[in-house]
Amino acid sequence: MGTAATLALPAQARPAKARLVADTPMAAPPWATMQRQLLDANAAACEAFYAAYVDRRDHLKVFERWGANDGPDDAAEATNDWFLLHALGGSDRIRTLAGRFWEGHLRQFTAARTTHVPIARQGMYYREFPVQMDWQHNAEGLTSFNVMGLSTPRDARLLARTKRYADFYTGHDPQARNYDPRLRMMRSLLNGSRGPMLRQATPLDWAGDPFDPRPFHMEHGEQTYQQTLDHYAEYGDVIGDNPLNLQATTLGLNAYALGGGEAYRHWALDYLAAWAERAARNGGLLPSFVRPDGTVGEDWWKGVYGWGFSPVVPMTGMREDRNRVPRSITAFMGGVVMSGDLGFIDLWRRQTERINEAARLVDGVRSAPSMYGAQGWYGWKPGRYRTNGFEIWYMSQKAQDLEIAGDDAWISFLQGGNADYPEQALAADLKRVADRVATRAKDDTTPENRLADWPIDINPASVRSLVQLMTGGLHIARPPWSKSSPPQGGVPLHCRLRYFDPVARRAGIPPDVAALVHRLADSETEVTLVNLGPQARTLTVQGGAYAEHRIDAVTMNGQSMAIGGRDFTLRLEPGCGIRLVLAMTRFANRPALAFPWDR
């Protein structure tokens, strides 16, 4: 893998359209009925949530603060998955509300100011972007933004905003010198629309202005403001590059896919390639600290959120391991989409192998490390190191990676077992919606004692089963390898199939239609499409979220038809369904968010 290779993927010619008709009656499968129910339940619950937590100005009704614990990035997450819900086939109303909220929260936190934290005294947002924060939190705040283009790829304001955000990191914005193009590195862990922090960070920079935390729910359990400061006592070393900064490349992916030009793709791939080269020179391990001069030395494991980052928890006096390097795999997954080069994933497989080679017996149990510091490996956990194994398998589709992916009910279903999984997964999401509606109904907080992170766990949007079953895709808002891991933010949609309604001219599956991906393989996909309604429906099926997968042929009713393009169109007669086998070449096309009829 190298820069030249990753930039060489040719553009794909406009595909020929195939017209297929499914006219075989199919009794409504339980999963199909439940899928439509879940889309409807989400819509009603999200609208009620909006009425409860968003005011007439489209501002979030919370106590506004700056900080990594409860700041603007948390406010931006209040409507996570609403744009994604629409792109799957949810109501237009959901997209409208999500769009209103995004604009409203931008106005809200541009106006919000600190009194003590220097960088945010003129506004927590500047030019519609956080003034200066790390990319664990920047990425979380962009969770909605990074999937807007799935539904509105022709929005000129979205393109302009995406290019502006990306240029804070490409080196082309004179006001935000976050990136050093000569050294191919970000200059600081803390960065944003007002540029990088090039001094030692203080706890105040991270924790925000003084306040009394006792009236609020505090995610980490702090009882005093001093404890909120002490949480960040060891967060000072921010100068230099950190792999979390790679999350910024998703802005490059979207800017390119929206039509912003080759420069964004080139920058993102070159920055990713620079980190891949650093890993290769570091024995196959992605370093967590690049010195200000661009070098990686014996202290490669240092850095806030790095391999050796285990700060003291002020409430307990104990150290807690906070290695966030694994989050950066999502940037390398985006690199595959942009380049077609699976070498970006091979890097993570090699790193996993290196870590497992360091395994040893701990209390008689074979255990693998999760951390590395001055004394070597530590953070031992029983069994093999599997962090990111799920994503490695999903991207590679190699049998050898199934073991490292671990036990997973969805994988079992895709491998031909666990036949009840679709109904079980949909039932779990239906219950999740109902549970969050009940939580909202019982919530007695007010804007005066409600921080920005409070509504996140009440937001009812539940799309995990829809993403998996409809699209054969990943929903990693919470990493699949650990139920207790922090939420993963800002991840673009990675999926095998997407659907469009060519009659309504919108993204998402048409009314009355349901889809179930039964099998994923490197070069094949099996999917059932069914029309539950009394009138014929037409849908367009696309390969990948960004049309990155080429659909070579479709087999239906034992007959194969060549496609050779990004998508095909199918007519489903009333009450009819069909199981299709799609021959596909993954990552064959340059990513594009344009709707099929606009390409």
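By convention here, the first residue in the shown sequence is residue 1. Remember, it's a predicted structure, so these values are computed and weren't measured experimentally.
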Please confirm whether [X] and [Y] have ring centers closer than 6.0 angstrom.
X: Trp206; Y: Tyr232; answer: yes
X: His105; Y: His59; answer: no
X: Trp454; Y: Tyr53; answer: no
X: Trp102; Y: Phe145; answer: yes
X: Trp135; Y: Tyr169; answer: yes
X: Tyr179; Y: Phe168; answer: no

salt_bridge(Arg291, Asp293) N-O dist < 4.0 Å: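 Looking at Asp293 together with Arg291, the answer is no, because their closest N to O distance does not fall below 4.0 Å.
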
So do [Y] and [X] actually touch side chain to side chain, heavy atoms under 4.5 Å?
X: Met218; Y: Thr228; answer: yes
X: Asn69; Y: Asp453; answer: no
X: Asp230; Y: Pro203; answer: no
X: Arg65; Y: Leu451; answer: yes
X: Trp307; Y: Met371; answer: no
X: Leu469; Y: Leu426; answer: yes
X: Thr352; Y: Ile392; answer: yes
X: Ile355; Y: Gln351; answer: yes

Residue pair Asn245, Asn191: steps toward the side chain to side chain donor-acceptor pair (under 3.5 Å) verdict: CA-CA 9 Å; Asn245 286 328; Asn191 52 68; 3.0 Å; yes

Using modelled atom types and a 3.5 Å cut-off, is there a donor and acceptor pairing between side-chain atoms of [X] and backbone atoms of [Y]?
X: Arg187; Y: Pro292; value: no
X: Arg327; Y: Leu244; value: no
X: Glu320; Y: Pro311; value: no
X: Asn459; Y: Asn80; value: yes
X: Ser193; Y: Phe129; value: yes

Under a 3.5 Å cutoff, is there a donor and acceptor pairing between the side chains of [X] and [Y]?
X: Asn254; Y: Thr162; result: no
X: Tyr125; Y: Gln108; result: no
X: Asp209; Y: Thr114; result: no
X: Arg194; Y: Gln132; result: no
X: Lys381; Y: Ser367; result: no
X: Thr445; Y: Arg450; result: yes

Enclosure of Gln122 CD (heavy-atom neighbours >12, cutoff 6.0 Å): no

Distance-minimising heavy-atom pair for [X] and [Y]:
X: His220; Y: Met315; value: O-CE, 2.8 Å
X: Ser462; Y: Val433; value: OG-CG2, 3.5 Å
X: Pro455; Y: Val62; value: CG-CG1, 4.3 Å
X: Leu84; Y: His475; value: CD2-CD2, 4.0 Å
X: Trp66; Y: Asp205; value: NE1-O, 3.2 Å

Parallel, tilted or perpendicular: rings of Phe63 and Phe216 (30°, 60°):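 The arrangement is tilted - the two ring planes meet at 30° to 60°.
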
Mutual orientation of the aromatic rings belonging to Trp82 and Tyr50 [parallel < 30°, tilted 30-60°, perpendicular > 60°]: tilted

Worked verdict on Thr446 versus Glu448 for side chain to side chain donor-acceptor pair (under 3.5 Å): CA-CA 5 Å; Thr446 68; Glu448 291 70 34; 3.1 Å; yes

Ring pair (Phe, Tyr, Trp, His ring centres under 6.0 Å) between Tyr372 and Tyr378, worked out: CA-CA 6 Å; Tyr372 191 97; Tyr378 69 103; 8.3 Å; no

Euclidean distance, Phe289 CZ relative to Thr295 OG1, rounded to 0.5 Å: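 One gets 8.0 Å once the value is rounded to the nearest 0.5 Å.
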
